[in-house]
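Along the sequence shown, the residues carry numbers beginning at 1. Numbering of ligands and ligand atoms starts at 1, following listing order.
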Amino acid sequence: MDSYPLLLTQEQTEQDDDCACPDKAFVLAFDYAATEVDNDCACPDRGWGVTPMETSDTAVATPFITTPHTHTQPLTAEHTLVYSPYAPGGPSVLNQAAYTRWQAFHHPQPLLPQEIDVELLEQALLQPSQAAFQPQHRTPQTLTAWLHVTNACNLDCPYCYVRKSSARMDKATGLNALKQIFFTAQTHGFKRVKLKYAGGEATLHFALIRRLHTAALEMAADHGLELREVVLSNGVRLRPEDADWLAAEGVKLMVSLDGVGETHDRQRPWRGGGATFHHVENTVDNVLLPRGIKPDITITITRLNAGGAAAAVRWALARDLPVSLNFYRQNILSASRRELDLEEQAIIQGMLAAYAEFEAVLPARPFLNGLLDRVQAEAHAHTCGVQHSYLVITHEGHLAQCQMHLNQSVSPAITGDLLPMVAAGPIQNLSVDEKEGCQACEFRYRCSGGCPLETFRATGRWDVQSPHCHIYKTLFPAALRLEGLRLLKVNNLLQGIPPSIHR
Ligand code: SF4
Ligand code: SF4
């Protein structure tokens with residue numbers, strides 16, 4: 001019997017002195033908690049799993065086959081990336097021996113009592129020849145709430161969906177919202193609450209953020225729930241004392257950056273005009289990094305700045321900051337700005353150039369989740385948490401389904417259990433299994449069919465694939481390749497392979 005090396009997790013290999021061995025069979029992906037990159041959208045639904053496959057003696061006697069729609073791509077002369085639609089986490093990387101063993105299952109055959117077969121099964125790369133994986137939708141663990149603390153902003157970005165005004169959330173409204181958010185979380189068995197302090201420019205109303213944070217800590221303790229918080233900011237004028245507070249309280253920060261220099265300035269000017277890039281750079285370099293705050297950088301990709309995405313990624317990676325590349329979504333306020341519309345070739349070229357920047361650095365920490373809009377490495381069936389695990393509270397205390405629906409609330413009051421109200425709202429966030437054109441896609445449980453609002457805007461339907469499907473299908477293999485190379489690198493398996501070969 002052939003002997004196959006062990007499956008490695010990232011955590012194992014970081015402590016493993018002999019991981020330079022070129023015979024490692026698998027390099028397994030990471031877990032979600034390590035890879036969360038905040039952006040200005042809803043967190044996707046993690047309530048998903050597949051029926052666990054038995055590895056008992058009975059199951060071992062069953063013929064198994066390779067799982068249909070598994071994505072494969074060569075990485076190096078020695079390694080191949082494989083990714084089952086049903087894999088619980090990111091892709092796996094197989095060496096030649098393991099890949100050959102997996103390919104043997106193109107012809108049905110029983111599992112052998114050896115580690116490699118168990119590992120192939122655990123990665124959902126094999127399934128019984130007479131049965132298919134059964135996706136199971138479970139209760140998500142995190143209830144995310146967008147708190148729109150102010151309508152005011154000091155910038156005037158052409159793609160913004162907020163009708164600006166000086167209006168802002170008052171303390172009573174915020175505290176009542178928190179009360180109902182925690183009540184809703186407990187009612188539905190969530191394990192944690194995540195608060196996104198947003199606007200407008202949320203830092204213009206920092207006193208309220210501090211007050212709500214204190215109350216949220218108390219409520220989380222009272223309800224026995226975990227609490228995560230992030231402030232979404234344009235980063236132009238974050239005060240040092242507020243940065244001190246973020247660091248002391250462990251509240252995360254997300255900063256928007258749409259390019260370097262003029263590229264950013266064109267897309268994120270001051271209200272009334274004027275450059276802002278150097279203000280953001282000053283905030284990051286002189287206010288945040290010296291305090292040990294590493295903000296998540298979110299880049300909104302439009303046709304206007306796609307060519308500058310690479311420079312923005314280079315800027316962020318030079319500072320070792322997590323990056324999220326997100327696609328512009330047309331809204332009622334930006335509909336006349338046709339120069340922002342996603343043009344496929346421009347977007348694809350710009351994104352590939354940005355990926356080249358990742359490849360040049362290959363950060364050790366997982367970065368796949370920020371590489372392609374709402375696409376996520378971990379299996380999930382819904383693109384975002386809308387209707388299931390996401391609440392938007394407007395500054396007036398109304399309840400909405402999505403931050404892009406601030407003016408189309410589903411309830412004028414925040415009372416009682418909030419989830420049934422967002423579940424009954426007009427946005428239909430369907431499972432990817434219900435979307436025409438997606439059912440046989442090998443990326444369906446990573447892409448989930450794209451933003452439902454964007455699909456409805458473009459097609460008038462909720463139950464079809466994203467209008468940006470071609471972009472996703474073109475770019476996701478390139479993004480996966482980066483993850484494969486990263487896994488090889490952290491396992492010391494890229495040593496001696498010149499970049500020109502793995503590029
Ligand atoms: S939108 Fe396209 S890439 Fe995404 S799941 Fe559907 S078919 Fe696949
Ligand atoms: S509907 Fe679209 S814009 Fe709204 S939270 Fe979901 S993915 Fe984001």
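For ligand 1, the atoms lying closer than 4.0 Å to a non-hydrogen atom of S466 are 1 (S). Of all atoms in ligand 1, numbered sequentially from 1 with element shown, those under 4.0 Å from a heavy atom of R444 are 5 (S). If you number the atoms of ligand 2 from 1 as listed, the ones under 4.0 Å from a heavy atom of C402 come out as 3 (S), 4 (Fe), 5 (S). Atoms of ligand 1 found under 4.0 Å from any heavy atom of C447 (numbered from 1 in listed order, with element): 1 (S), 3 (S), 4 (Fe), 5 (S). Listed by number with element, the atoms of ligand 2 under 4.0 Å from a non-hydrogen atom of M404 are 3 (S). Contact atoms of ligand 1 toward Q465: 1 (S), 6 (Fe) (distance under 4.0 Å to a heavy atom of the residue). Less than 4.0 angstrom separates some heavy atom of G437 from each of these atoms of ligand 1: 7 (S). Numbered from 1 in the order shown, with element, the atoms of ligand 2 that lie under 4.0 Å from a heavy atom of R374 read 7 (S).
With contacts defined as side-chain heavy-atom distances shorter than 4.5 Å, the pair L178/L147 qualifies.
The CG atom of L406 lies 11.5 Å from the NE2 atom of H398; values are rounded to the nearest 0.5 Å. Distance OG1/T67 to CZ/F105: 10.5 Å, rounded to 0.5 Å. Atom CG of L81 and atom OG of S92 lie 8.0 Å apart (nearest 0.5 Å).
Atom CZ of R271 has 12 or fewer neighbouring heavy atoms from other residues, nucleotides or ligands inside a 6.0 Å radius.
Residue contacts with ligand 2, taken as heavy atom pairs separated by less than 4.0 Å, do not involve E454 at all. Contacts between R329 and ligand 2, counted as non-hydrogen atom pairs separated by less than 4.0 Å, involve the side chain only.
A side-chain N or O of T302 and one of Q267 form a donor-acceptor pair less than 3.5 Å apart. Defined by atom type and a distance below 3.5 Å, a donor-acceptor pair is present between the side-chain atoms of T276 and H264.
By the 4.0 Å heavy-atom criterion, V386 is counted among the residues contacting ligand 2.
Panel note: side chain S466, backbone G450; no donor-acceptor pair is recorded below 3.5 Å. Judged by distance alone, with hydrogens and angles left aside, the side-chain atoms of Q408 form no donor-acceptor pair with the main-chain N or O of H405 at under 3.5 Å.
The aromatic rings of Y159 and Y328 sit tilted, their planes meeting at an angle between 30° and 60°.
Here C438 meets the criterion, with an N, O or S atom under 2.8 Å of atom 6 (Fe) of ligand 1. For a distance bound of 2.8 Å, the N, O or S atoms of C469 include none lying that close to atom 8 (Fe) of ligand 1.
In terms of protein heavy-atom proximity, atom 8 (Fe) of ligand 1 is nearest to C441 SG, 2.4 Å. Closest protein heavy atom to atom 3 (S) of ligand 1: K473 CG, 3.6 Å.
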